[in-house]
Student: 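What follows is a single structure, and I will ask about it in a moment.
Keep in mind that this is a model prediction, so the values were computed, not measured. One-based numbering, in listed order, for ligands and for the atoms of each.
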Amino acid sequence: MTTTLPARRKIILDTDPGQDDAIAILVALVSPELEVLGITTVAGNVPLPLTLSNTRKLCELADQPTTPVFEGCARPMVRELVTAEHVHGKTGLDGPDLPEPTMAVQPEHAVDFIIDTLLGAEDGEITLCPVGPLTNVAMAMVKEPTIVPKIREIVLMGGAYWEGGNITPTAEFNIYVDPHAAHVVFTSGVPIVAHSLDVTHRALMTKEWIAAVRNLGTPVGVASAEMLTFYERFDEEKYGTNGGPLHDPNVIAYLLDPSIYDGKDCFVEVETGSEKTMGQTSVDWWGVTKNAPNCRWIREVDTDRFYALLLERLGRY
Ligand code: RIB
Ligand code: CA
């Protein structure tokens, strides 16, 4: 009897590494359930040249130098770029000393790669997984609106409601950097699953977990531990917690095992008018607007299962 393996889920990972992005990339690339069609890079945590270089460094660390990597948008659609070196360090990947990358950058622009890949696929075949500002995804929708019905789902890291903001009192960084792009995405009609600070702040890394990652003893394990030791200091000091949130890998863990999470279908809209609350994600959790939901807003996570999954996957290198 032949056993048929479930079809691999085709994804495009859009990223601005960033140490938390790095873990998302490493876990995605080693998980057989996922077919990473390409990794598109965007300006966010650090400027685009660095997010592009960091992505290539991580693909080489994963020993997957043929991963298609694409250069994306260097700035938000309307606003000036805001970066987060204060969190991620000057390089955006402070911690380990990874060698300068030599792998290829694909010649196609990231926005065109997203468009061409979706137009060449069946409807509902491809999932977009943005874990940085939504500039590339929104620009693809604006440039070629016919891609919208082709997208199976957008599973993103971004937003904040119950938790409050991390870059302003009301806004989470990814949405704040490009609120207009977020508005395009959240009004597109594409099914969205949002992993906001409401869920990522409920699953904090511990020093014991980082030690377990380091004890994998592999280049991936040691480099990951060095990244996360650097990265966690900011949130620990800011929130006075033992450990910090590991935002972006929640997107990949959700794809691998959605039962780790729970949430609610809500109507979500993005503030683009008020400077004071720019980038705020207004989540109609109680349905008071009577507007149809446009997003599954994730709020619950089984922290132990989340970190056990990440460790198991990092251990596959
Ligand atoms: O607010 C957290 C998000 O902003 C994460 O994606 C992190 O990598 C930064 O991009
Ligand atoms: Ca990110």
Side-chain angles (χ1 to χ4, degrees), residues 11-28 39-48 50-55 57-58 72-73 75-76 81-89 91-95 110 128-137 154-179 181-182 185 193-205 224 227-228 230-236 238-239 241 243-254 270 278-281 298 301 310:
I11 72 168
I12 295 174
L13 184 55
D14 188 76
T15 181
D16 63 333
Q19 290 87 352
D20 60 322
D21 305 67
I23 304 304
I25 292 168
L26 291 169
V27 171
I39 302 181
T40 51
T41 60
V42 68
N45 285 320
V46 285
L48 181 64
L50 283 172
T51 59
L52 176 61
S53 173
N54 291 340
T55 298
K57 286 181 178 180
L58 292 161
C73 295
R75 54 150 297 172
L81 177 62
V82 170
T83 53
E85 288 87 349
H86 59 290
V87 179
H88 299 274
T91 70
L93 211 56
D94 283 25
L128 302 185
C129 302
V131 293
L134 290 165
T135 315
N136 288 339
V137 175
I154 295 175
V155 184
L156 63 85
M157 191 279 141
Y161 178 62
W162 300 99
E163 185 65 18
N166 62 357
I167 189 75
T168 72
T170 55
E172 177 277 328
F173 179 79
N174 288 339
I175 307 300
Y176 177 74
V177 169
D178 200 338
V185 171
V193 177
H195 288 261
S196 72
L197 301 183
D198 296 358
V199 64
T200 67
H201 280 204
R202 290 183 156 185
L204 303 185
M205 282 186 290
S224 297
M227 282 184 235
L228 297 174
F230 176 89
Y231 167 74
E232 72 164 357
R233 88 218 176 279
F234 178 80
D235 285 317
E236 281 191 315
K238 177 176 178 179
Y239 297 108
T241 50
L246 193 54
H247 305 288
D248 296 340
N250 283 281
V251 166
I252 305 304
Y254 175 84
V270 180
M278 183 63 69
Q280 181 175 22
T281 42
I298 302 299
V301 55
L310 296 186

Student: Report the part of N166 in contact with ligand 1, treating N, CA, C, O as backbone and CB onward as side chain, heavy atoms under 4.0 Å; options are side chain, backbone, both, neither.
Tutor: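 Side chain only; the backbone of N166 stays clear of ligand 1.
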Student: Please indicate whether any nitrogen or oxygen in L197 is less than 3.5 Å from any nitrogen or oxygen in ligand 1.
Tutor: no
Student: I need the nearest protein heavy-atom contact for atom 6 (O) of ligand 1: residue, atom name and distance, please.
Tutor: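 Here the nearest protein heavy atom works out to D248 OD1, 2.6 Å.
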Student: Under a 4.5 Å cut-off applied to non-hydrogen side-chain atoms, are Q19 and V87 in contact?
Tutor: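 They are not in contact (no side-chain heavy atoms under 4.5 Å apart), so the answer is no.
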Student: So, do I23 and M205 sit near enough that their side-chain heavy atoms are less than 4.5 Å apart?
Tutor: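 Of all side-chain heavy-atom pairs linking M205 with I23, none is under 4.5 Å.
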Student: Between T51 (side chain) and V42 (backbone), is there a donor-acceptor pair under 3.5 Å?
Tutor: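 Answer holds: yes.
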Student: Where's the contact between D21 and ligand 1, heavy-atom distance under 4.0 Å: side chain, backbone, both or neither?
Tutor: side chain
Student: Any side-chain heavy atom of D16 sitting closer than 4.5 Å to one from D21?
Tutor: yes
Student: Any side-chain to backbone donor/acceptor pair from N136 onto C73? Under 3.5 Å, distance only.
Tutor: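 Flag set: sc N136 to bb C73 pair under 3.5 Å.
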Student: Taking 4.0 angstrom as the limit and counting only heavy atoms of D20, give me the atoms of ligand 1 inside it, by number and element.
Tutor: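 The atoms of ligand 1 under 4.0 Å from a heavy atom of D20 are 5 (C), 6 (O), 7 (C), 8 (O).
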Student: With a heavy-atom distance limit of 4.0 Å, tell me whether D16 approaches ligand 1 through its side chain, its backbone, both, or neither.
Tutor: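 It is the side chain that touches ligand 1; the backbone stays farther off.
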Student: Among the N/O/S atoms of D16, select the one at the shortest distance from the Ca ion (ligand 2) and name it.
Tutor: OD1
Student: Any side-chain heavy atom of N174 within less than 4.5 Å of one from M157?
Tutor: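 When only atoms from C-beta onward are counted, M157 and N174 do touch, with a gap below 4.5 Å.
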Student: Taking the side chain as C-beta and beyond, is there a heavy-atom pair between N166 and Y239 under 4.5 Å?
Tutor: yes
Student: Below 4.0 angstrom from a heavy atom of H247, which ligand 1 atoms are there? Numbered from 1 as shown, please.
Tutor: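 Listed by number with element, the hits are 2 (C).
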Student: I'd like to check the ring-ring contact (aromatic ring centres under 6.0 Å, His included) partners of Y176; sequence neighbours left out, ordered by chain and number.
Tutor: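 Not a single residue meets the ring-ring contact (aromatic ring centres under 6.0 Å, His included) criterion with Y176.
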Student: Find, among atoms of D248 that are N, O or S, the one nearest to the Ca ion (ligand 2), and state its name.
Tutor: OD2
Student: For N45, take its heavy atoms, then give the atoms of ligand 1 lying under 4.0 Å from any of them.
Tutor: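 The atoms of ligand 1 under 4.0 Å from a heavy atom of N45 are 7 (C), 8 (O), 9 (C), 10 (O).
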Student: Within a strict 4.5 Å, meaning less than it, do heavy atoms of the V251 and L156 side chains meet?
Tutor: no
Student: Rounding to 10°, state the angle centred on the Ca ion (ligand 2) that links OD1 in D21 with O in V131.
Tutor: 140°
Student: For M157, counting its heavy atoms only, list the atoms of ligand 1 lying under 4.0 Å from any of them.
Tutor: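 Close to M157: 2 (C), 3 (C), 5 (C), 6 (O).
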Student: Just go through H88, H195, E172 and tell me whose heavy atom is the nearest to atom 3 (C) of ligand 1.
Tutor: E172
Student: Of all the non-hydrogen atoms in the protein, which one sits nearest to atom 10 (O) of ligand 1, and at what distance?
Tutor: N174 OD1, 2.9 Å
